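Notes for the one structure printed next.
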Amino acid sequence: MTRTLLPALLLAAATPALAQQSIATLPPPVLADPKAAALRDDALENDHYAWDITEGLTTEVGQRLAATGAEARARDWGVRRLKAMGFANVRVEPFTMPVWTRGAESAEIVSPFPQKLAIAALGYSGSTGPAGVTGEIIYFDSVDALRAAPDSAVRGKIVFIDHHMMPSQDGSDYGQFGAPRRQGPTVASKKGAIGIVIRSIGTDHHRNPHTGVQYFTDGATPIPAGALAIPDAEQLVRVLKRGRPVVMHLTLVSQKTEGGQSGNVIAEVPGRDPRAPILLVGGHLDSWDQGTGAIDDASGVAIVTAAAKHIMDAGRPQRTIRVVWFGAEEPGGLGGKAYAEAHGKEPHAIAAESDFGADRIWRFSSQLSKTDPASYAQLAASLAPLGITKNDKGEADGTDVEPTIAAGAPWISLGQDGSRYFDVHHTPDDTLDKIDPAQLRQNVAAWTTMLALLSGGIEPGAKQPKRR
Ligand SMILES: [Zn+2]
């Protein structure tokens with residue numbers, strides 16, 4: 001012990017609330033891996049791949065609704081881009097699914113105070129037909145309140161479900177407050193409602209409704225189901241509070257047809273050891289149809305692809321890195337299920353997805369904390385300079401990799417700051433200008449670090465072309 005440490009140790013003893021540990025009992029130091037650190041710092045400073053992919057996909061394709069021609073154009077775009085970047089084994093693995101498309105949509109208070117409200121149909125909404133439906137609004141502040149109501153109170157009416165979602169850094173509110181969208185339409189239908197409108201599952205105050213998927217389950221007949229923009233939902237609440245019956249005219253014309261096609265776009269950085277379990281990283285290529293799907297999830301496919309490209313530029317990893325641009329995530333994670341059916345039994349060293357926007361990574365968690373503590377400690381040390389903390393209690397996430405994780409793949413989650421994610425999520429506002437290039441580069445730096453550390457070592461190979 002040196003003399004200079006003494007005052008610090010005395011201070012530690014005097015302030016037990018800070019839980020300072022004696023340096024004698026600290027675990028052995030773990031320093032950042034120098035090679036991974038160099039790649040990390042280069043990506044943080046210089047990455048342009050992620051921006052180029054996000055900008056290119058959102059500009060040259062735009063919205064990419066699952067199983068439509070737009071999503072097919074996005075797959076073609078992806079194959080061309082991935083090949084041009086030097087990836088190997090670039091291919092599309094197709095699957096079939098129903099296609100749901102949006103038509104005319106409007107909501108209008110007929111009485112007592114006639115006025116229009118901003119609305120968007122939810123995925124797989126039933127159709128009102130062009131004439132629309134008219135009914136009295138019945139208010140609930142949660143799905144549980146709707147569930148508790150007698151059927152006779154709901155029959156023949158248009159259900160309105162309110163909620164109180166707030167922004168959070170980890171996005172955890174989405175689980176609970178998303179229930180009006182996920183379960184509300186089925187419960188309303190079972191109780192005989194002629195339609196349902198919900199307060200958008202979002203945290204902004206723009207007049208942009210947030211769409212999103214819902215399914216009619218338990219044999220429920222599809223009914224028209226839409227989300228009101230948040231200011232419009234608040235307006236409806238004020239109108240209802242006047243105490244007079246509120247009648248709404250609702251038009252949601254949508255279409256569902258069978259036999260559509262989607263697919264996963266797959267590309268690889270081949271490893272030196274073809275038998276070594278692979279590193280699977282992905283995002284989803286499809287998007288909702290109002291914006292251009294910049295944060296959800298062009299940036300996700302761009303981040304993981306850019307990170308894999310940085311490894312490719314550095315040489316040959318021992319493990320193969322497989323990049324998947326999953327199809328049809330928004331209507332229910334169909335691409336992730338198709339991937340797991342085809343590849344779930346192949347050995348994976350890790351499965352990870354980027355699907356929470358493009359703001360900075362602020363913490364990570366991984367199963368490796370239990371199965372491979374040395375790698376976990378190395379990750380923590382190498383990610384810390386990016387301001388990323390470890391979360392020992394984290395859980396797996398990523399809709400598209402969940403089925404592969406369920407099949408046995410170890411998981412890692414690089415968690416983005418979601419404080420503003422639900423301001424634009426599933427709205428017309430999900431556009432390129434919402435992406436901060438500096439935070440996007442920090443994402444790429446984190447993913448590059450992770451791939452470098454788990455790659456089994458990168459050996460200098462033939463110089464890769466630095467094309468876009
Ligand atoms: Zn997404």
Side-chain angles (χ1 to χ4, degrees), residues 105-110 116-128 132-167 172-218 220-243 245-252 254 288 422 425-427:
E105 45 197 14
S106 64
E108 203 168 346
I109 296 174
V110 178
K116 288 180 177 170
L117 302 177
I119 194 164
L122 297 174
Y124 296 115
S125 166
S127 179
T128 59
V133 295
T134 303
E136 188 184 334
I137 292 284
I138 180 166
Y139 173 94
F140 299 98
D141 78 347
S142 68
V143 172
D144 285 336
L146 167 63
R147 206 173 266 135
D151 293 6
S152 58
V154 175
R155 194 168 299 122
K157 293 187 178 147
I158 297 175
V159 164
F160 168 53
I161 309 184
D162 202 5
H163 63 83
H164 310 276
M165 178 173 168
M166 299 294 284
S172 53
D173 286 25
Y174 187 52
Q176 178 181 332
F177 291 108
R181 190 189 84 209
R182 297 188 197 100
Q183 299 155 25
T186 290
V187 179
S189 168
K190 294 284 242 186
K191 287 181 179 287
I194 60 168
I196 175 172
V197 296
I198 62 165
R199 175 182 167 122
S200 280
I201 311 304
T203 51
D204 61 303
H205 271 88
H206 293 277
R207 292 195 71 194
N208 292 327
H210 297 236
T211 190
V213 79
Q214 61 81 38
Y215 292 110
F216 290 97
T217 59
D218 307 327
T221 309
I223 56 171
L228 294 168
I230 288 164
D232 298 69
E234 292 179 348
Q235 175 80 334
L236 180 56
V237 169
R238 281 190 295 271
V239 173
L240 285 159
K241 276 191 176 155
R242 297 300 199 268
V246 177
V247 176
M248 176 179 278
H249 183 67
L250 180 64
T251 307
L252 297 172
S254 54
W288 283 106
F422 290 107
H425 178 248
H426 296 181
T427 73

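Start at 1 with the first residue, then count along the sequence. None of the values given here were measured: they were computed from a predicted structure.
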Specify the closest pair of heavy atoms between [X] and [Y], including all atoms of both residues, with the distance to one decimal.
X	Y	value
Ile161	Ser142	CG2-C, 3.8 Å
Thr211	Arg181	O-NH1, 4.0 Å
Pro231	Arg207	CG-CG, 4.1 Å
Ile194	Ile223	O-CB, 4.3 Å
Ser200	Pro209	OG-CA, 3.4 Å
Ser254	Ser125	OG-O, 3.1 Å

Interatomic spacing from [atom1] in [X] to [atom2] in [Y] - rounded to 0.5 Å:
X	Y	atom1	atom2	result
Met248	Leu228	CE	CG	5.5 Å
Asp141	Leu146	CG	CG	11.0 Å
Arg199	Ile230	CZ	CD1	5.0 Å
Ile196	Ile138	CD1	CD1	11.5 Å
Leu122	Leu252	CG	CG	8.5 Å
Gln183	Ile198	CD	CD1	11.5 Å

Indicate yes or no for a side-chain donor-acceptor contact from [X] to the backbone of [Y] under 3.5 Å, with no hydrogens or angles considered.
X	Y	answer
Asp232	Ala118	yes
His210	Ala229	no
Thr128	Pro224	no
Gln214	Gly123	yes

Would you tabulate the side-chain donor-acceptor contacts of residues 150-160 under 3.5 Å, counting partners in other chains and residues two or more places apart, or write 'none'?
from	atom 1	to	atom 2	distance (Å)
Asp151	OD1	Lys191	NZ	3.1
Lys157	NZ	Ala153	O	3.1

*asked:* I'd like to know whether Leu250 forms a side-chain contact (heavy atoms from CB on, under 4.5 Å) with Ile119, so could you lay out the CA-CA distance, the side-chain angles of the two residues, the decisive distance to 0.1 Å, and finally the verdict.
replied: CA-CA 9 Å; Leu250 180 64; Ile119 194 164; 3.5 Å; yes
*Please name all residues satisfying side chain to side chain donor-acceptor pair (under 3.5 Å) with His206, sequence neighbours left out, ordered by chain then number.*
none
*For Tyr124, all residues meeting side chain to side chain donor-acceptor pair (under 3.5 Å), sequence neighbours excluded*: none
*With sequence neighbours excluded, what pairs up with Phe177 under the ring-ring contact (aromatic ring centres under 6.0 Å, His included) test?*
none
_Note, Phe422 side chain near Pro167 side chain (heavy atom, < 4.5 Å)_ = no
_Quick check: do Leu117 and Val197 have side-chain heavy atoms less than 4.5 Å from each other?_
no
*asked:* For Asp173, give me all partners under salt bridge (charged side-chain N to carboxylate O under 4.0 Å, His left out), at least two apart in sequence or on another chain.
replied: none
*asked:* Among residues at least two apart in sequence or on other chains, which ones pass salt bridge (charged side-chain N to carboxylate O under 4.0 Å, His left out) with Asp144?
replied: Arg147
*Under 6.0 Å from the six-membered ring centre of Tyr174 and within 45° of its axis: does the NZ or CZ of Arg182 meet both?*
yes
